[in-house]
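First up is the structure itself, then whatever we jot down about it.
Computed from heavy atoms alone, side chains included, the values below leave out hydrogens, waters and symmetry copies. Sequence positions, counted from 1, serve as the residue numbers for this chain.
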Amino acid sequence: VTDELTLRRPDDLHLHLRDGDLLRAVVRHSSGPFARGLVMPNTVPPVLTATDAEAYRKEIRDAVPAGHRFEPLMTIKVVPSTTAETVRQARAAGVVAAKLYPEGVTTNSADGVRDVMALALAFAAMAEVGMVLCVHGESPEAFCLDREARFVDHTLPRLVDEVPDLRIVLEHVSSATAVDWVRSAPTGLDGRHRVAATVTVHHLLLTLDDVVGGMLAPHHFCKPLAKRPEDRDAVLAAALSGDPRFFLGTDSAPHRRRDKESAEGCAGVFTAPVALPVLAEVFEDHGALPRLDAFTGSHGAAFYGLAPNEGTVRLVKEPWVVPADHGGVVPFRAGTTLRWQFVDGGDQGPTG
Ligand code: NCD
Ligand code: ZN
């Protein structure tokens with residue numbers, strides 16, 4: 001039996017770190033296990049420009065505990081006023097991706113986009129400078145369980161067809177429709193994949209039953225919603241398959257307990273503290289443990305054109321009970337026993 005697992009230092013290609021006190025409370029749960037994280041821009045106020053991204057990067061770096069080596073990969077939020085010039089300046093400041101939220105579809109997206117194709121010039125600039133477009137692929141006007149499928153059917157094909165060479169990540173895939181679409185999306189002229197998807201930890205496990213099928217479970221409430229068993233199985237199969245177009249983006253989305261356990265509960269699951277141990281469990285349960293390393297450590301980097309991380313992290317097969325609370329935020333699987341645990345003492349690789 002395997003009782004120890006060594007992985008290349010992983011990337012989390014979709015996470016929410018927030019700012020201020022909440023950032024300082026949660027960042028260690030990402031900066032410990034992960035070498036890099038693609039940090040979402042839906043803070044209040046949002047990250048819209050090169051200047052905003054530089055300031056936010058500094059705030060994150062200052063919050064990372066001493067001894068952790070963590071590189072925040074920055075994003076800007078696409079809003080109706082985003083221009084080609086916004087994109088070029090952001091790229092020059094090292095921003096790697098821009099995030100598109102349809103208007104009103106999730107946490108802090110009231111300033112999102114209604115007419116996606118009105119931003120064609122900004123998207124063309126992204127393609128030109130090599131910035132990835134990260135998409136929250138849900139159409140707000142559709143029924144909640146159909147929002148992702150509607151976006152995949154109606155909006156994504158136009159983005160792919162009308163903006164040649166734009167590289168797109170469909171974030172947190174949650175439906176069989178979305179998984180199939182990613183698999184069948186066209187490649188670029190250079191033969192490389194143009195379309196990929198992030199997969200969260202919770203969408204590998206949850207269905208809507210785990211949210212509203214019994215007692216209401218606010219800590220499982222997220223956007224996009226966990227859906228039918230066959231959707232969950234399609235997402236799981238994609239992650240386990242070894243297809244390089246599917247890679248980890250936890251969408252770890254901390255909200256304070258009072259904002260989750262509320263009459264107007266916020267969407268988001270805080271998975272960072274348990275991401276690697278839960279993934280080890282899932283991949284092991286499906287006989288796919290040898291494929292975990294690429295899912296967390298190389299597919300995403302390759303799509304983003306980043307060198308894979310140096311160094312390793314270590315997990316050991318020793319049961320541990322997930323804490324009920326981390327600084328006022330309830331983590332995924334709180335209070336349950338996990339089979340694997342993350343241990344410090346991996347090789348962080350050369351410093352610099
Ligand atoms: C995210 C958040 O809280 O910022 N919430 C979520 O349910 N996933 C936003 C997002 O990624 O949709
Ligand atoms: Zn997110």
Side-chain angles (χ1 to χ4, degrees), residues 1-15 17 26-38 64-65 67-71 198-206 235-242 244 246-254 269-302 306 308-326 329-351:
V1 274
T2 317
D3 52 12
E4 189 170 317
L5 182 62
T6 302
L7 301 172
R8 179 189 293 282
R9 293 187 73 217
D11 292 316
D12 182 352
L13 287 159
H14 179 140
L15 84 161
L17 288 176
V26 302
V27 69
R28 70 185 62 247
H29 299 291
S30 294
S31 62
F34 291 96
R36 294 181 291 214
L38 188 73
V64 170
H68 285 182
R69 281 201 314 113
F70 177 75
E71 188 188 346
T198 50
V199 178
T200 75
V201 175
H202 49 286
H203 287 103
L204 297 176
L205 292 162
L206 302 179
V235 174
L236 181 59
L240 300 174
S241 70
F246 297 93
F247 46 81
L248 177 64
T250 63
D251 194 18
S252 181
V269 185
F270 181 43
T271 48
V274 298
L276 295 180
V278 172
L279 286 171
E281 230 173 71
V282 172
F283 275 65
E284 185 179 44
D285 286 344
H286 293 87
L289 211 44
R291 290 187 180 153
L292 179 56
D293 187 65
F295 179 72
T296 56
S298 50
H299 293 337
L306 302 166
N309 298 307
E310 301 200 41
T312 54
V313 294
R314 217 157 54 88
L315 297 164
V316 292
K317 207 175 202 176
E318 270 170 34
W320 67 293
V321 179
V322 180
D325 190 291
H326 283 295
V329 184
V330 178
F332 186 51
R333 299 284 305 264
T336 68
T337 302
L338 299 184
R339 253 193 341 261
W340 288 91
Q341 62 177 283
F342 172 74
V343 282
D344 278 327
D347 164 18
Q348 292 227 333
T351 43

For [X] versus [Y], what's the shortest heavy-atom pair and its separation?
| X | Y | value |
| --- | --- | --- |
| Pro331 | Ala324 | CD-O, 3.8 Å |
| Pro65 | Arg28 | CG-CB, 3.7 Å |
| Val199 | Ala239 | CG1-CB, 4.2 Å |
| Pro254 | Phe270 | CB-CD1, 3.7 Å |
| Phe342 | Pro277 | N-CG, 4.0 Å |
| Asp11 | Gly297 | OD2-O, 4.4 Å |

Measure the [atom1]-[atom2] distance between [X] and [Y] for me, rounded to the nearest 0.5 Å.
| X | Y | atom1 | atom2 | answer |
| --- | --- | --- | --- | --- |
| Thr200 | Leu205 | OG1 | CG | 8.5 Å |
| His202 | Arg333 | NE2 | CZ | 14.0 Å |
| Glu281 | Leu338 | CD | CG | 5.5 Å |
| Trp340 | Leu315 | CH2 | CG | 7.0 Å |
| Arg69 | Arg9 | CZ | CZ | 5.0 Å |
| Thr271 | Leu276 | OG1 | CG | 10.0 Å |

Report yes if the side chains of [X] and [Y] come closer than 4.5 Å at any heavy-atom pair, otherwise no.
| X | Y | result |
| --- | --- | --- |
| Thr250 | Phe332 | no |
| His286 | Leu204 | no |
| Pro10 | Val313 | yes |
| Val274 | Val201 | no |

Suppose we screen for side chain to side chain contact (heavy atoms under 4.5 Å, CB included). Which residues come up paired with [X], at least two apart in sequence or across chains?
| X | value |
| --- | --- |
| Ser241 | Asp243 |
| Val316 | Glu4, Arg314, Glu318, Gln341, Val343 |
| Leu292 | Leu5, Leu7, Leu279, Ala280, Phe283, Leu289, Phe295, Thr296 |
| Arg8 | Asp293, Pro308 |

Item to check | Partners passing ring-ring contact (aromatic ring centres under 6.0 Å, His included) against His203 (at least two apart in sequence or in another chain) | outcome: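 Checked His203 against ring-ring contact (aromatic ring centres under 6.0 Å, His included); zero matches.
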
Next on the checklist: Among residues at least two apart in sequence or on other chains, which ones pass ring-ring contact (aromatic ring centres under 6.0 Å, His included) with Phe246?
Outcome noted: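 Per chain and number, Phe246 pairs via ring-ring contact (aromatic ring centres under 6.0 Å, His included) with no residue.
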
Checklist entry - Should Thr198 and Phe247 be marked as a side-chain contact (heavy atoms from CB on, under 4.5 Å) after you check the CA-CA gap, both sets of side-chain angles, and the distance that decides it? => result CA-CA 5 Å; Thr198 50; Phe247 46 81; 3.7 Å; yes

Next on the checklist: As a quick check of understanding, evaluate side-chain contact (heavy atoms from CB on, under 4.5 Å) for Arg339 and Asp285, giving each step before the final call.
Outcome noted: CA-CA 11 Å; Arg339 253 193 341 261; Asp285 286 344; 2.8 Å; yes

Checklist entry - Any donor-acceptor pair under 3.5 Å linking the side chain of Arg291 with the backbone of Leu240? => result yes

